[in-house]
Amino acid sequence: MTDALVLGLDISTTATKAILVDSTGRVVASAASEYDFQTPQPLWSEQDPDLWWQGTRHSVRAVLEQEGVRPEQVAAIGLSGQMHGLVLLDARQEVLRPCILWNDQRTGSQCDTIRARLGFERLLEITGNDALTGFTAPKILWVQEEEPEIWERTRHILLPKDYVRFKLSGEFAADAADGSGMLLLDLKGRTWSRDMLAALDIPETYMPAACEGTAVSARLSPEAAGELGLPVGLPIAGGGGDQAAQAVGVGAVQEGMAAVTLGTSGVVFATSAKPRVEKEGRLHAFCHSIPDRWHFMGVMLSAAGSLRWFRDTCAPGRDFGELTAAAAAAPAGCDGLVFLPYLTGERTPHPDPLARGAFVGLTVRHDLNHMTRAVLEGVACGLKDGFDLMDGAGLPELQTVRLSGGGSQSPLWRQILADTLGRELVTVAEGEGAAMGAAVLGGVAGGVWPDVDAATASLVAETGSVRPDPDTVETMKEVHARYRDLYPALSPYNRSVAPD
């Protein structure tokens with residue numbers, strides 16, 4: 001199928017991106033449609049699902065209109081998107097309320113309820129995870145308790161990308177990787193847990209069919225094909241949540257491989273050949289979007305987002321590259337200045353929506369370069385927390401660490417991260433992130449590539465590497481030790497200033 005193209009769709013929190021990829025992995029067309037989300041109350045985050053479908057329509061038509069593209073070349077569709085969101089449909093398959101997003105923090109008491117109903121050990125045994133405010137199941141309990149009239153009318157529960165699948169096909173399905181983030185999936189069995197559903201009073205009929213990321217989950221309906229300008233009946237892959245798809249896009253698909261994403265949030269992702277669980281639930285233990293593989297994931301909520309906040313607040317208008325390059329003038333360790341990147345709460349290793357950011361150790365000797373470097377070092381320390389948990393959770397030694405995301409464009413940040421982790425980092429020519437992973441999964445489902453391993457081996461190219469500096473590694477060990485001491489020291493204050 002050398003002339004075939006695969007459509008990869010990534011339904012993120014801020015835009016729907018569409019790319020067309022040929023059988024060599026070359027991106028022949030791309031487009032994105034941006035949109036916003038709402039914060040109607042403190043700690044709340046919601047979005048209208050129709051924005052994703054309108055974004056899909058616009059982005060797909062935009063790529064099909066680009067020079068040299070013929071719709072009949074498209075052989076399959078792959079899906080990726082933001083995880084954990086709650087979409088509720090009624091019996092007429094209409095949306096009942098705005099989607100409650102992954103970064104919504106309203107469900108602290110519902111997380112306590114889930115632990116009480118299942119018991120922490122049983123919860124970890126079934127799902128591999130603790131109950132966290134970002135996950136989908138606590139959001140369902142919140143609707144049951146706070147909006148009973150909505151729950152009474154609910155007949156279908158979907159994740160964001162799976163709502164787009166429904167609009168594409170009329171079918172209800174969810175892949176095991178994205179489904180893991182709902183806290184309703186049996187991690188080992190890779191399907192919905194009847195024990196979890198029963199404990200939370202969720203009818204099994206409300207759940208979409210569970211499938212693998214490379215499986216054909218549905219086909220493009222005549223109605224959607226007409227709206228998008230695509231051939232009827234195209235296979236739609238199960239796909240994956242954005243982080244599993246991102247890992248496919250950078251080739252982190254086999255045990256011993258890890259991926260670090262320096263985006264708005266920061267993610268440490270490591271593939272596993274079998275289901276493993278961190279004993280205290282401090283790492284996400286999810287199915288991979290590849291059949292019979294799993295992964296650990298550590299998430300910090302403000303990585304490059306911390307740098308953006310700092311730039312916009314303290315150096316408005318400065319170019320990011322210029323700002324980070326100048327920070328090389330400050331010494332490693334920033335003369336005792338430490339930055340905590342908990343600007344929007346935290347997940348790993350502290351599942352705490354009340355955690356707060358801080359600069360600690362400021363003196364009159366510190367300037368903008370010190371503060372910038374402290375932000376870069378603080379984020380690196382947060383990512384190291386995730387690696388340390390993985391090292392202690394039974395994973396084989398991570399031989400390869402692939403780095404991607406907007407923050408990876410900074411040479412200084414790459415070096416700081418290598419020095420903090422004490423590992424060689426490899427950069428790859430990705431650029432399209434989760435959309436590329438979605439395209440690979442779609443291509444496997446559509447027969448363009450035989451499997452994910454073969455596809456990534458031929459498509460993902462390494463572009464460079466950075467090794468840790470032995471002298472700076474020792475300095476960053478000291479910085480990380482100070483960094484770890486600050487969260488427990490500041491927690492009482494953070495709770496005292498939390499909103500009621």
Side-chain angles (χ1 to χ4, degrees), residues 82-84 102-105 107-108 111 115 120 123-124 127-136 138 177 180-183 187 241-244 246-247 252 258-272 276-288 294-306 339-358 375 377-395 398 401 403-405 407 417 420-421 423 480-481 483-488 490-491 494:
Q82 53 174 304
M83 299 178 67
H84 312 305
W102 61 275
N103 54 351
D104 190 282
Q105 301 282 357
T107 59
C111 291
R115 295 186 196 100
F120 177 75
L123 179 63
L124 212 61
T127 71
N129 295 278
D130 188 11
L132 302 179
T133 53
F135 288 173
T136 314
S180 300
M182 297 183 80
L183 204 69
L187 182 70
D242 53 3
Q243 296 306 323
Q246 171 86 10
V260 174
T261 305
L262 266 178
T264 301
S265 59
V267 177
V268 177
F269 182 109
T271 299
S272 173
R276 291 182 168 94
V277 176
E278 199 277 322
K279 61 182 180 180
E280 296 181 33
R282 292 172 294 177
L283 289 171
H284 301 340
F286 291 162
C287 300
H288 208 314
W294 289 259
H295 69 85
F296 274 135
M297 186 167 71
V299 180
M300 56 185 304
L301 297 181
S302 294
S306 289
F339 174 73
L340 295 187
Y342 308 142
L343 298 176
T344 53
E346 192 53 297
R347 268 207 209 170
T348 305
H350 311 296
D352 183 1
L354 302 182
R356 293 293 178 262
V375 171
E377 291 183 351
V379 171
C381 286
L383 293 169
K384 179 172 171 54
D385 283 342
F387 269 92
D388 287 350
L389 288 176
M390 289 179 183
D391 287 342
L395 272 178
L398 297 173
V401 180
L403 178 64
S404 64
L417 191 56
T420 305
L421 299 179
R423 287 174 161 95
H480 184 242
Y483 172 93
R484 284 187 306 175
D485 289 342
L486 290 173
Y487 171 78
L490 294 177
S491 284
N494 293 336

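Every heavy atom of this structure was used, including side-chain atoms; hydrogens, water molecules and symmetry mates were not. In this text, all values refer to a predicted model and were calculated from it rather than measured experimentally.
Leu262 and Ala304 get closest at one heavy-atom pair: O-CB, 4.1 Å. Closest approach of Glu280 and Phe120 over heavy atoms only: O-CZ, 3.5 Å. Taking both residues in full, the closest heavy atoms of Tyr483 and Gly378 are given as CE1-O, 3.5 Å, listed atom of the first, atom of the second, then distance. Smallest separation of non-hydrogen atoms from Thr271 and Ala252: OG1-O, 2.9 Å. Taking all atoms of both residues into account, the shortest heavy-atom contact from Leu132 to Pro138 is O-CG, 3.4 Å. When all heavy atoms of Ala303 and Gly263 are compared, the closest pair comes out as CB-O, 3.5 Å.
The residue from Leu283, Leu183, Leu123 that alone fulfils the side chain to side chain contact (heavy atoms under 4.5 Å, CB included) condition with Asp130 is Leu123.
With rounding to the nearest 0.5 Å, the separation of OG1 in Thr344 from CZ in Arg356 is 9.0 Å. Taken to the nearest 0.5 Å, the CD atom of Glu278 stands 5.0 Å off from the CG atom of Leu389. Here the OG1-CZ distance, from Thr348 to Phe296, works out to 11.5 Å after rounding to the nearest 0.5 Å. Expressed to the nearest 0.5 Å, how far CE of Met297 lies from CE of Met390 amounts to 8.5 Å. Rounding to the nearest 0.5 Å places OG of Ser302 at 12.0 Å from CG of Leu340.
With a 4.5 Å cut-off on side-chain heavy atoms, Asp388 and His480 count as touching. No side-chain heavy atom of Val375 sits less than 4.5 Å from a side-chain heavy atom of Pro341. Inter-residue side-chain proximity for Arg276 and Trp294 is flagged as unmet; no heavy-atom pair is nearer than 4.5 Å. Leu383 places none of its side-chain heavy atoms less than 4.5 Å from the side chain of Thr420. At a threshold of 4.5 Å between non-hydrogen side-chain atoms, the residues His284 and Arg347 count as touching.
Looking at His84, its side chain does come within 3.5 Å of a backbone N or O of Gly181 through a donor-acceptor pair. A donor-acceptor pair under 3.5 Å links the side-chain atoms of Arg115 to the main chain of Ala131, judged by distance alone. Of the possible donor and acceptor atoms, one in the side chain of Thr127 sits under 3.5 Å from a partner among the backbone N and O of Asn129. Within the 3.5 Å criterion, the main-chain N or O of Leu301 finds a donor-acceptor partner in the side chain of Glu346. Thr261 places no side-chain N or O within 3.5 Å of a backbone atom of Val267 that could act as its donor or acceptor partner.
Taking the six-membered ring where tryptophan is involved, the planes of Phe286 and Phe135 are tilted, since the angle between them lies from 30° to 60°.
With ring centers used as reference points, Phe269 lies under 6.0 Å from His288.
Looking only at atom types and distance, the side chain of Tyr342 has no donor-acceptor partner in the side chain of Asp352 under 3.5 Å away.
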